[in-house]
Amino acid sequence: MKPSIPQGTRDFGAASIRKRDFIFQTIRTAFTLHGFEPLETPAFEKLETLMGKYGEEGDKLIFKILNNGLDKKAEKAQAAFDNVLLGKNEPKLTERALKYDLTIPFARYVAMNHGQLAMPFKRFQIQNVWRADRPQKGRYREFTQCDADIVGSQSLLNEVELSNIYHNVFEQLQIPVSICINNRKILLALAQQCGDEQLITALAVAIDKLDKIGLEKVVIELSDRGFSIENIDLIKKYLATAQLNTNDEKLESIEQLFGENELAKEAIGELKSVLTHCSFLAIDFTLARGLDYYTGSIFEVKPTTVQMGSIGGGGRYDDLTGLFGVKDVPGVGISFGVDRIYDVMEELEVFPADITSQKEVLLINFGEEYATDLLSIAKELRNANIPTVIFPDAKKLDKQSKYANKRGFEYVIFFGEDEKKNAQVQLKNFITGDKQIVTIDEAIKLINA
RNA sequence: GAGGAUAUAGCUCAGUUGGUUAGAGCGCUGGUUUGUGGUGCCGGAGGUCGUGGGUUCGAGCCCCAUUAUCCUCCCCA
């Protein structure tokens, strides 16, 4: 058979792992410096833990794991399978699923352990998640998320801290981004004005498309969804804020639009409070975000110079653990999409040059009789923190040298008959081509220089 | 779920209106200095043209089906 990997997955070679590690390190350091503690949860959860948390679409995109020992009757299995395809829970066929994001498993963890956790609880989590989505540019079926959440605190200071993490990390990674903020309460207020808070989902879906399909088509979609002409007129006025340039202008026009609406006043107050400390944030009243569990601030990060979907997102949820029977644990969190960040950085060519080159040394093998010497040279080099490879076979020297060249060793050490007589080594710099005969200690100094 | 594109050597691709032994670059491999790589020069291996049918005297090229991948929309990181 022709070897291949499943759709939407990737292998990571040495070069890409080093680059990915660079991103992970940057994010992990920022999380740690802001006092978040690490957490890991299983790759798969009980299906019931995940189902119904991501909306109808989300349920279909969850990777379900087939049970072992399935019912042998074909019709029964088929019926169960059809249920699963409809996005229903079907314990006879599948009762576990790969995790879809890090937030819901985290909520499950908090709900299970809230008695023991020191509140406010701050955790970060860097793990893979899986989605049975159709892969395309910047979209994978297995990808890595880096989440930081704070639960057990209503304070907007948390929003400020998380915003600062976004700001710091993308600055360090040298990705020009716009970090957008909005507040779900303002959308809820808009739904209220339209006569029904339940309309928020339909409203959010339509509004979110503004920059993609344009105002006219949004209006058409809204009217298809049954919004009245007066309501659409209101929504149009609301969307007009997207044209304004500054946060102040946007806030002002929204204030005028909503007047004395309590929710709107709350939302505006919260936005202003966060903006006081984070002037880099950009208000975007058309930002909606699909996930239903957000209730307050919502964030989204987009690269400004590269065509790519959002590379980060998050928001406040007042009752995430309520889904698991634990009330009154409000929280707020953000997420980084490492895979997209990687693609963006690759496109912008902003990976530091030195992460791909390692100061490694190759010891040329002149034959079995030198094994003991090579091992002790290697030991000295490694004690000096120099990654060292002993070429295992006494192949021709040009073969060994070619290997050194191909793998990108910075130094090669020759230790053969002549060198052994003088208790020295020949150190060759494979970048410059310079050779010199020196003692091992001198070689170590030269390499570490 | 809807739409579009592609499938030829290990990789990236070319292949002209269907016409003999299907090409290039890179990579791999051997030699060019029998203790030294990268650049040069010479040589070599490697493809039942995604799969299955059909049209034709003849198909990499045309038609149908199928599978896979990529891209767009939906949705998202």
Side-chain angles (χ1 to χ4, degrees), chain A residues 1-10 23 27 54-62 85-87 99-103 126-147 177 201 204-206 208-209 212-213 217 221 287-292 299-303 307-314 333-344 362-367 370 391 394-420 425-435 437:
Chain A
M1 72 176 267
K2 206 176 179 181
S4 62
I5 53 173
Q7 199 181 27
T9 65
R10 293 143 303 153
I23 301 172
I27 295 172
Y54 307 107
E56 223 173 288
E57 285 297 312
D59 281 354
K60 288 181 186 166
L61 298 181
I62 294 172
L85 287 182
L86 289 171
K99 65 172 172 257
Y100 180 88
D101 73 353
L102 301 179
T103 308
I126 299 179
Q127 287 192 275
N128 282 355
V129 301
W130 293 266
R131 294 186 189 178
D133 212 344
R134 283 277 286 272
Q136 51 185 276
K137 190 186 178 189
R139 172 173 304 188
Y140 305 98
R141 290 186 142 182
E142 178 185 58
F143 61 99
T144 310
Q145 289 193 325
C146 307
D147 279 28
V177 292
T201 307
V205 170
D208 206 36
K209 292 179 189 167
K212 272 183 187 162
I213 63 176
K217 288 189 178 171
E221 179 158 344
L287 175 61
R289 293 191 62 76
L291 295 170
D292 287 338
F299 299 100
E300 195 154 282
V301 184
K302 283 180 196 159
Q307 186 67 38
M308 178 67 79
S310 71
I311 54 178
I334 56 168
S335 177
F336 289 86
V338 174
D339 303 81
R340 285 185 179 177
I341 290 173
Y342 180 99
D343 291 346
V344 169
L362 179 70
L363 295 186
I364 298 291
N365 188 333
F366 279 87
Y370 295 95
F391 200 91
K395 286 191 180 166
K396 284 187 184 173
L397 294 198
D398 64 323
K399 293 277 178 294
Q400 299 192 44
S401 294
K402 274 185 181 169
Y403 174 78
N405 195 60
K406 192 167 180 181
R407 220 192 96 166
F409 284 93
E410 193 167 341
Y411 291 97
V412 172
I413 284 179
F414 295 83
F415 185 81
E417 205 182 333
D418 299 345
E419 289 83 1
K420 185 161 184 169
V425 299
Q426 184 195 116
L427 178 70
K428 179 165 178 178
N429 183 322
F430 249 54
I431 292 163
T432 62
D434 296 342
K435 295 184 273 193
I437 309 285

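Numbers restart at 1 for each chain; the letters A, B, ... are given by sequence-line order, proteins then strands.
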Tell me the interatomic distance from [X], atom [atom1], to [N], atom [atom2], rounded to whole angstroms.
{"X": "Phe336(A)", "N": "rA77(B)", "atom1": "CZ", "atom2": "P", "answer": "14 Å"}
{"X": "Asp133(A)", "N": "rC70(B)", "atom1": "CG", "atom2": "C1'", "answer": "15 Å"}
{"X": "Lys60(A)", "N": "rC74(B)", "atom1": "NZ", "atom2": "C1'", "answer": "11 Å"}
{"X": "Trp130(A)", "N": "rA77(B)", "atom1": "CH2", "atom2": "P", "answer": "16 Å"}
{"X": "Gln307(A)", "N": "rU72(B)", "atom1": "CD", "atom2": "C1'", "answer": "11 Å"}
{"X": "Arg141(A)", "N": "rC75(B)", "atom1": "CZ", "atom2": "C1'", "answer": "14 Å"}

Taking atom [atom1] in both [N] and [M], compute the distance separating them and give it to the nearest angstrom.
{"N": "rU72(B)", "M": "rU16(B)", "atom1": "P", "value": "29 Å"}
{"N": "rC41(B)", "M": "rU69(B)", "atom1": "C1'", "value": "40 Å"}
{"N": "rA45(B)", "M": "rC26(B)", "atom1": "C1'", "value": "16 Å"}

Q: Mind telling me whether Phe415(A) and Tyr370(A) have parallel, tilted or perpendicular rings, with 30° and 60° as the class edges?
A: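 Perpendicular, since the angle between the ring planes exceeds 60°.
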
Anything under 30° is parallel, anything over 60° is perpendicular, the rest tilted; go ahead and classify Tyr54(A) against Tyr100(A).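 Tilted, since the angle between the ring planes falls between 30° and 60°.
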
Item to check | Asp343(A): partners by salt bridge (charged side-chain N to carboxylate O under 4.0 Å, His left out), with sequence neighbours left out | outcome: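 Salt bridge (charged side-chain N to carboxylate O under 4.0 Å, His left out) list for Asp343(A), sorted by chain: empty.
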
With B for base contact, S for sugar-phosphate-only contact and - for none (protein heavy atoms under 4.0 Å), nucleotides 33-41 of chain B reads --BBBB---

Letter by letter from the 5' end, nucleotides 1-7 of chain B scores (B base, S sugar-phosphate only, - none; protein heavy atoms under 4.0 Å) -BB----

Within the structure shown, what part of the strands sits under 4.0 Å from [X] by heavy-atom distance: base, sugar-phosphate, or nothing?
{"X": "Gly312(A)", "value": "sugar-phosphate"}
{"X": "Tyr140(A)", "value": "base"}
{"X": "Ser335(A)", "value": "nothing"}

Pairing partner of [N] (Watson-Crick or G-U wobble, both distances under 3.5 Å):
{"N": "rA24(B)", "value": "rU12(B)"}
{"N": "rA5(B)", "value": "rU69(B)"}
{"N": "rG19(B)", "value": "rC57(B)"}
{"N": "rG43(B)", "value": "rU29(B)"}

To the nearest 0.5 Å, tell me how far [X] [atom1] sits from [Y] [atom2].
{"X": "Lys395(A)", "Y": "Phe366(A)", "atom1": "NZ", "atom2": "CZ", "value": "15.5 Å"}
{"X": "Trp130(A)", "Y": "Lys99(A)", "atom1": "CH2", "atom2": "NZ", "value": "6.0 Å"}
{"X": "Ile413(A)", "Y": "Leu427(A)", "atom1": "CD1", "atom2": "CG", "value": "5.5 Å"}

[X] and [Y]: which non-hydrogen atoms are nearest, and at how many Å?
{"X": "Thr144(A)", "Y": "Asp339(A)", "result": "N-OD1, 2.7 Å"}
{"X": "Glu300(A)", "Y": "Ser310(A)", "result": "CG-CB, 3.5 Å"}
{"X": "Pro303(A)", "Y": "Val177(A)", "result": "CA-CG1, 4.1 Å"}

*asked:* Should the side chain of Arg139(A) and the base of rA77(B) be counted as holding a donor-acceptor pair, with the cut-off at 3.5 Å?
replied: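 In this structure, the two groups form no donor-acceptor pair.
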
Original post:
Gly309(A) or Lys137(A): which one's nearest nucleotide on RNA chain B is closer to the 5' end?
Top reply: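 Mapping each residue to its closest nucleotide by heavy atoms, the 5'-most match is Lys137(A).
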
When you measure from the side chain of Arg141(A) to the backbone of Thr9(A), do you find a donor-acceptor pair of N or O atoms at a distance under 3.5 Å?
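No, because the side chain of Arg141(A) does not come within donor-acceptor range (under 3.5 Å) of the backbone of Thr9(A).
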
